[in-house]
Amino acid sequence: MAKRLGEVGLEDLYRAGGSTISIKEATHMYQAIAASKASDPDPRRVWKEVVSRKVLKPWHPHHLHQLVYYSVYANWDVSINGPPLYWFPSLDESKITNLGRIMEIHGPKLLGTSYKDPIESFSLFQKFSVQHPETYWSIVLEELSIVFHSSPSCILDNSKKLEPSGAWLPGAVLNVAECCLLPSTHPTKEDNSCALVWREEGRDDLDVNRMTLKELREQVMVVANAVDATFSKGDAIAIDMPMTVSAVVIYLGIILAGCVAVSIADSFAAKEIATRLRVSNAKAIFTQDFILRGGRKFSLYSRVVEADPFKAIVLPVSGNSVGIELRKQDVSWKEFLSIANQRPRSNHYSPVYRPIDSTINILFSSGTTGEPKAIPWTQLSPIRCSADGWAHNDIRAGDVYCWPTNLGWVMGPVVLFTCFLNGATLALYHGSPSGRGFGKFIQDAGVTVLGTVPSLVKTWKSSNCLEGLDWTKIKCFATTGEASNADDDLWLSSKSYYKPVLECCGGTELSSAYIQGSLLQPQAFGTFSTAAMTAGFVILDEHGHPYPDDKACVGEVGLLPLYLGATNRLLNADHEKVYFEGMPMHNGMNSIYSMKVKNIQTTNDHGAP
């Protein structure tokens, strides 16, 4: 059992600090903590004061952070008070967040006298966004780098009852890849803005590489020209390789040329690759000869060949030439690009404009319980995920966003579009994220928002590989994919003077998360704090009846179906049967979109002190 704060003495702090603090520093820390407690004994206020004074430093041993945090909350009763809070938004900073800014502008008009400020009125504004999604999206669309070739006739046409998620932006025509590549005034994106920053594993002592928006656009257009000359509009083309700069260029080039990207994770065995190629009817696949990890080469092309694709375009993991013999029907990356060079202006391309509901990407569920579901993303999907990143993670021009992932998983396209449609820089590490090299890249690239999975955080913590590195430019972390460990998140948050670790949970089918954290709410480790903007859901008991909103409960999530970005079909399964069959009606809606998530637990919101 943790000591109570009053039982923690100067000697305890000094011992826990090890060689990182002197007795003088320990004394100062002891006095600061005592002063925090004397001013207000509420543990939340004590911890808030400790953090605001920066009593604990990122380089202090985790044992010292544990000693202070757990002693502050030693008498905290979770069953009565809810989970202990570790991060608290400030009113001044809340007003300059993306969401807080538009709340200050539109809140008084939309909420009337009920509107107070972005923190106090956040939950009310979130509920408003669920009840009036057309109003919310009309505001947020102006904040994103979205340019319509033909404007939509309205925000939402809900007259088509056969589309439970609604017909969003009907009549709109665009190319969302073009939106990623064009300069804009709001958000601020200029041709010389940094679009990508990256580093190769093993080159940790070299400067990071940077690519401007203009350079990215020209490279994407070269690929689009080659795709246009080789394939037909609407063809499905797979990508099976690490999420490198080249993978990003290929992905955008496929979409710019009016084709469909098929996302396949580079970790899959040949059988899994073959299934995804067959289901998507892919005409070709982009891949690498090898994957480099920890200085070792692992063959990727041989696995892809075993899956028997029609055609493979093969990139070298290093250098200019592939290091393996190719099949007769396959071509090297260099040969493929030479097709574009036969055109007069290889780095210029007129985008293929398509309706808003056209498929741009085929992603897949994990397939752990059978054949993976083939989930088509339309041009609404990037709007959804980039808007949620804008609202919940406060992604904006000037941010550097890194999330080690792969285009074969949903977070790959999510982080890509979130960066480019918000004017942020996408940070990529060409190598394993589990070691010091990745940590140094985060430091050197000036990453401001870092996405993780809990198992990766546990690896960093247990290996102590980040010792001596500076992550204090990070303004928030994000995490998904697994259940978080509170102590691991305590360790992670401490690396940036206790910036928030925002939880998110969603699905490929939604293009985003339906439950998240928010920078306008206090945060507790390993917990969600809000439904996503415009996302409404209920918690169902064992009989399918919804619990009251203010009741602490455990149950299954039923997501209300009116949701921009949610898929309305599957390529290889009955969408209605998978997501709606057997779900109850709620408030007159035809059905509830089931996320099939069991044992969601809610607690009463006790808020900030």
Using the salt bridge (Lys or Arg N to Asp or Glu O under 4.0 Å) rule, take Arg569 and Asp574 through it: C-alpha gap first, then chi angles, then the decisive distance, then the call. CA-CA 7 Å; Arg569 67 189 182 99; Asp574 186 327; over 6 Å; no
Kindly indicate, with the supporting measurements, whether the criterion side chain to side chain contact (heavy atoms under 4.5 Å, CB included) is fulfilled by Val260 and Asp235. CA-CA 6 Å; Val260 179; Asp235 278 352; over 6 Å; no
Where do Lys458 and Asp488 land on the salt bridge (Lys or Arg N to Asp or Glu O under 4.0 Å) test, with the steps shown first? CA-CA 6 Å; Lys458 190 176 292 293; Asp488 291 345; 2.7 Å; yes
Verdict with supporting geometry, Thr212 and Asp191, side chain to side chain donor-acceptor pair (under 3.5 Å): CA-CA 7 Å; Thr212 66; Asp191 272 347; over 6 Å; no
Checking side chain to side chain donor-acceptor pair (under 3.5 Å) for the pair Thr567/Glu509: CA distance, chi angles, key distance, verdict? CA-CA 5 Å; Thr567 183; Glu509 303 91 334; over 6 Å; no
Audit row: Val140, Trp390, side chain to side chain contact (heavy atoms under 4.5 Å, CB included) steps and yes/no: CA-CA 9 Å; Val140 173; Trp390 175 90; 3.9 Å; yes
Trace of the side chain to side chain contact (heavy atoms under 4.5 Å, CB included) decision for Glu503 with Thr480: CA-CA 6 Å; Glu503 297 279 344; Thr480 191; over 6 Å; no
Is there a side chain to side chain contact (heavy atoms under 4.5 Å, CB included) between Thr378 and Ile360? Walk through the geometry before answering. CA-CA 5 Å; Thr378 70; Ile360 60 166; 6.0 Å; no
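Here the closest non-hydrogen pair linking Gln288 and Leu300 is O-CB, 3.6 Å. Across Ile474 and Ile442, no two heavy atoms sit closer than the pair CD1-CG2, 4.0 Å. Contact between Ile362 and Ala374 at its shortest, heavy atoms only, is CG2-CB, 4.2 Å. Between Val322 and Ser332, the closest heavy-atom pair is CG1-CB, 4.3 Å. Taking both residues in full, the closest heavy atoms of Ala269 and Arg303 are given as CA-CD, 4.3 Å, listed atom of the first, atom of the second, then distance. Contact between His430 and Met243 at its shortest, heavy atoms only, is CD2-O, 4.4 Å.
Legend: residues meeting side chain to side chain contact (heavy atoms under 4.5 Å, CB included) with Leu292, ordered by chain and number and at least two apart, are Lys297, Val317. With sequence neighbours excluded, no residue forms a ring pair (Phe, Tyr, Trp, His ring centres under 6.0 Å) with Trp333.
Side-chain contact between Leu428 and Leu196 is present, with at least one heavy-atom pair separated by less than 4.5 Å. Using a 4.5 Å heavy-atom threshold, the side chains of Phe420 and Leu213 count as separate. Using a 4.5 Å heavy-atom threshold, the side chains of Trp168 and Ile356 count as separate. In this structure the side chain of Leu407 never reaches within 4.5 angstrom of the side chain of Leu363, judged on heavy atoms.
Ring orientation note: the planes of Trp471 and Trp460 are nearly perpendicular, at an angle over 60° on the 30°/60° scale. Classification of the Phe537-Tyr514 ring pair by plane angle, with boundaries at 30° and 60°, yields perpendicular.
Taking the six-membered ring where the residue is Trp, the centroids of Phe336 and Phe286 are separated by under 6.0 Å. Note: Trp409 and Phe268 meet the aromatic proximity criterion, with ring centroids under 6.0 Å apart. Ring to ring, Phe298 and Phe290 are not that close: their centroids are 6.0 angstrom or more apart.
Around atom NZ of Lys311, more than 12 heavy atoms belonging to other residues, nucleotides or ligands sit under 6.0 Å away. Residue-environment remark: CD (Glu325) stays at or below the threshold of 12 foreign heavy atoms within 6.0 Å. Enclosure of atom CZ in Arg203 is not indicated, since only 12 or fewer non-hydrogen atoms of other residues, nucleotides or ligands lie within 6.0 angstrom.
Atom-to-atom distance recorded for Ile254:CD1 and Ile237:CD1 is 5.0 Å, nearest 0.5 angstrom. Atoms CE and CG, on Met211 and Leu426 in that order, are 11.0 Å from each other to the nearest 0.5 Å. Within the model, atoms CD of Gln516 and CG of Asn393 stand 6.5 Å from one another, a figure rounded to the nearest 0.5 Å. To the nearest 0.5 Å, the span separating CD1 on Ile291 from CE on Met241 amounts to 9.5 Å. Within the model, atoms CG of Leu380 and SG of Cys385 stand 11.0 Å from one another, a figure rounded to the nearest 0.5 Å. In this structure, CG in Asp240 is found 4.5 Å from CD1 in Ile285, a value given to the nearest 0.5 Å.
The side-chain tip of Arg436 does not point at the ring of Phe441 from less than 6.0 angstrom away and within 45° of straight on. Both cation-pi conditions hold for Arg276 and Phe364: the charged atom is under 6.0 angstrom from the six-membered ring centre and inside a 45 degree cone around its axis.
With 3.5 Å as the limit, one finds no donor-acceptor pair spanning the side chains of Tyr401 and Asn422. Judged by distance alone, the side chains of Ser434 and Ser432 do bring a donor and an acceptor atom under 3.5 Å apart. Donor-acceptor pairing under 3.5 Å is lacking for the side chains of Thr479 and Asp489. A donor-acceptor pair shorter than 3.5 Å can be found between the side chains of Tyr353 and Glu178. With 3.5 Å as the limit, one finds no donor-acceptor pair spanning the side chains of Ser346 and Asn225. A side-chain donor from one of Ser512 and Asp388 sits under 3.5 Å from a side-chain acceptor of the other.
Partner of Asn572 under the side-chain hydrogen bond (donor to acceptor under 3.5 Å, both in side chains) criterion, out of Glu371, Arg278, Lys373: Glu371 alone.
Applying the salt bridge (charged side-chain N to carboxylate O under 4.0 Å, His left out) test to residues at least two apart or on different chains, the pairs with a partner in residues 219-229 are Asp228-Lys233, Asp228-Arg343.
Remark: the backbone N or O of Cys179 is paired with a side-chain donor or acceptor of Ser145 at under 3.5 angstrom.
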